2 protein chains.
Amino acid sequence: MSDNYHHGNLRQALIDAGIKIINESGEANLSLRKAAAMCKVSHAAPYAHFKDKNELVEAIKATVTEKFMEELSAAADASPDAESALVNMGRHYVAFFVRRPDYFKFMFGSQNITAHIRFDKQYENDYPPFDLLKETYLKYLVEKRLDKSEEEKETELLKLWASAHGITAIACMSGVETSFDWEDKIFSDLLIR
Amino acid sequence: MSDNYHHGNLRQALIDAGIKIINESGEANLSLRKAAAMCKVSHAAPYAHFKDKNELVEAIKATVTEKFMEELSAAADASPDAESALVNMGRHYVAFFVRRPDYFKFMFGSQNITAHIRFDKQYENDYPPFDLLKETYLKYLVEKRLDKSEEEKETELLKLWASAHGITAIACMSGVETSFDWEDKIFSDLLIR
DNA sequence: ACTATTATCTTTACAATGTCAAGATGCTAT
DNA sequence: ATAGCATCTTGACATTGTAAAGATAATAGT
């Protein structure tokens with residue numbers, strides 16, 4: 001192939017450029033034209049490989065999902081049994097994205113909310129729904145006369161919030177199918193302990 | 001106030017217009033100029049009330065959070081004790097956004113992933129990480145010789161995924177503070193039952 | 001009541017972007 | 001060798017965010 005005119009593998013190069021842009025300056029800065037420029041190609045060249053910007057975005061997401069899968073599989077394979085595989089996968093699920101928060105924001109679009117889990121100090125939370133949850137949870141502990149360690153409390157509160165948030169995220173995804181009303185059961189389950 | 005020139009409460013009107021746009025055609029379609037047009041005001045008028053587009057977006061988010069809080073508070077207030085308040089809040093947490101998935105997408109940007117929780121039929125999932133989790137969970141059941149109902153399995157699988165996803169989302173938010181390594185504990189906790 | 005100040009809004013302008021259309025270039029199969 | 005196709009370029013246009021300059025209305029101070 002000639003050096004200038006035909007790029008060789010522009011499609012993959014555009015995906016890589018896109019990932020680089022997202023890593024360096026967030027999704028807001030991702031544009032077809034910038035990705036094209038990084039590949040030293042005209043601004044309309046991407047249209048030979050992607051129908052529109054969204055198709056590039058989807059391709060990038062597919063690539064990230066692939067990497068994600070590799071890490072999860074490795075975690076599962078490295079575990080002696082399924083139980084530890086589950087725990088390990090959970091850990092890597094979190095770790096993969098925590099290492100690159102921009103990926104998570106890109107894939108799932110997380111918000112910038114400041115919330116303080118700790119109980120030992122009074123913090124100002126800027127997300128009232130979390131405050132309410134925290135307060136209610138504390139009331140629950142008092143009512144039930146449960147005496148938990150700082151650590152236990154943080155774990156449980158985070159579990160409650162994470163489950164609510166995670167379930168909501170999943171429920172808002174178009175294709176989730178369940179056969180019964182799982183919500184109630186899950187939230188009460190979380191408290192029986 | 002004069003009718004044309006000074007709007008009266010343009011700031012709130014822009015927020016309302018923004019919410020309407022998001023409800024009707026998603027966040028991608030939200031633009032300062034459209035919101036301004038809906039308020040019958042020139043395209044630069046919003047700059048008297050918002051520094052830039054992001055400030056309008058943040059104001060809209062604050063409004064949504066307010067409504068969200070109202071629903072959660074109502075749920076808590078209507079509950080006889082804190083335990084049921086927690087369960088109720090969880091239910092309304094989900095319900096609020098499920099009623100308007102666009103709000104959740106706007107607030108937290110959820111993806112369109114198709115995943116099938118059900119075990120009684122073989123579905124094609126388009127999100128491999130979920131498949132892996134499902135498989136591993138099934139292995140776990142076999143290894144431990146656990147015999148659970150379809151309903152129990154679905155609940156538990158969803159709980160696992162939701163927790164992982166929710167914890168990740170929360171961990172990727174900038175300001176979350178914890179005092180210890182909660183991840184491990186949470187994932188193993190979820191299995192002890 | 002009059003004027004100065006400020007908040008609000010308009011008009012104009014520009015750069016970045018997504019997208020389309022027309023054409024150029026190089027590859028490949030017949 | 002040539003026809004057809006994939007790939008890329010150039011040029012154009014509409015949408016958008018944003019800045020600057022000025023117009024208009026409300027308000028405060030005198």
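Not measured: the values here are computed from a predicted model. Just so it is clear: chains get the letters A, B, ... in the order the sequence lines come, proteins before strands, and each one is counted from 1.
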S.K.: What's the CG-C1' distance between A:Asn9 and D:dA6, to the nearest Å?
M.R.: 14 Å
S.K.: Rounded to whole Å, please give me the gap between CG in A:Leu10 and P in C:dT25.
M.R.: 19 Å
S.K.: Check if the side chain of B:Arg11 and the base of C:dT8 share a donor-acceptor pair of N or O atoms closer than 3.5 Å.
M.R.: no
S.K.: Round to the nearest Å and state the distance from B:His43 atom NE2 to C:dT12 atom C1'.
M.R.: 8 Å
S.K.: Near DNA chain D, which residues from residues 44-52 of chain A have a heavy atom under 4.0 Å away?
M.R.: A:Ala44, A:Ala45, A:Ala48, A:His49
S.K.: Which residues pass the side chain to side chain contact (heavy atoms under 4.5 Å, CB included) test with B:Tyr47, not counting sequence neighbours?
M.R.: B:Leu32
S.K.: For A:Glu71, which residues count as a salt bridge (charged side-chain N to carboxylate O under 4.0 Å, His left out) partner, sequence neighbours excluded?
M.R.: A:Arg99
S.K.: Taking the six-membered ring of B:Phe106 as reference, does the NZ or CZ atom of B:Lys61 fall below 6.0 Å from its centre and within a 45° cone about the axis?
M.R.: yes
S.K.: Donor-acceptor check, side chain of B:Lys34 to backbone of B:Asn29, threshold 3.5 angstrom: yes or no?
M.R.: yes
S.K.: Taking the six-membered ring of A:Tyr137 as reference, does the cationic atom of A:Lys153 (NZ for Lys, CZ for Arg) lie under 6.0 Å from its centre and within 45° of its axis?
M.R.: no
S.K.: Determine whether a donor-acceptor pair (N or O, by modelled atom type, separation under 3.5 Å) exists between the side chain of A:Asp52 and the backbone of A:Glu55.
M.R.: yes
S.K.: Measure the distance from CZ on A:Arg33 to C1' on D:dA12 and round it to the nearest whole Å.
M.R.: 10 Å
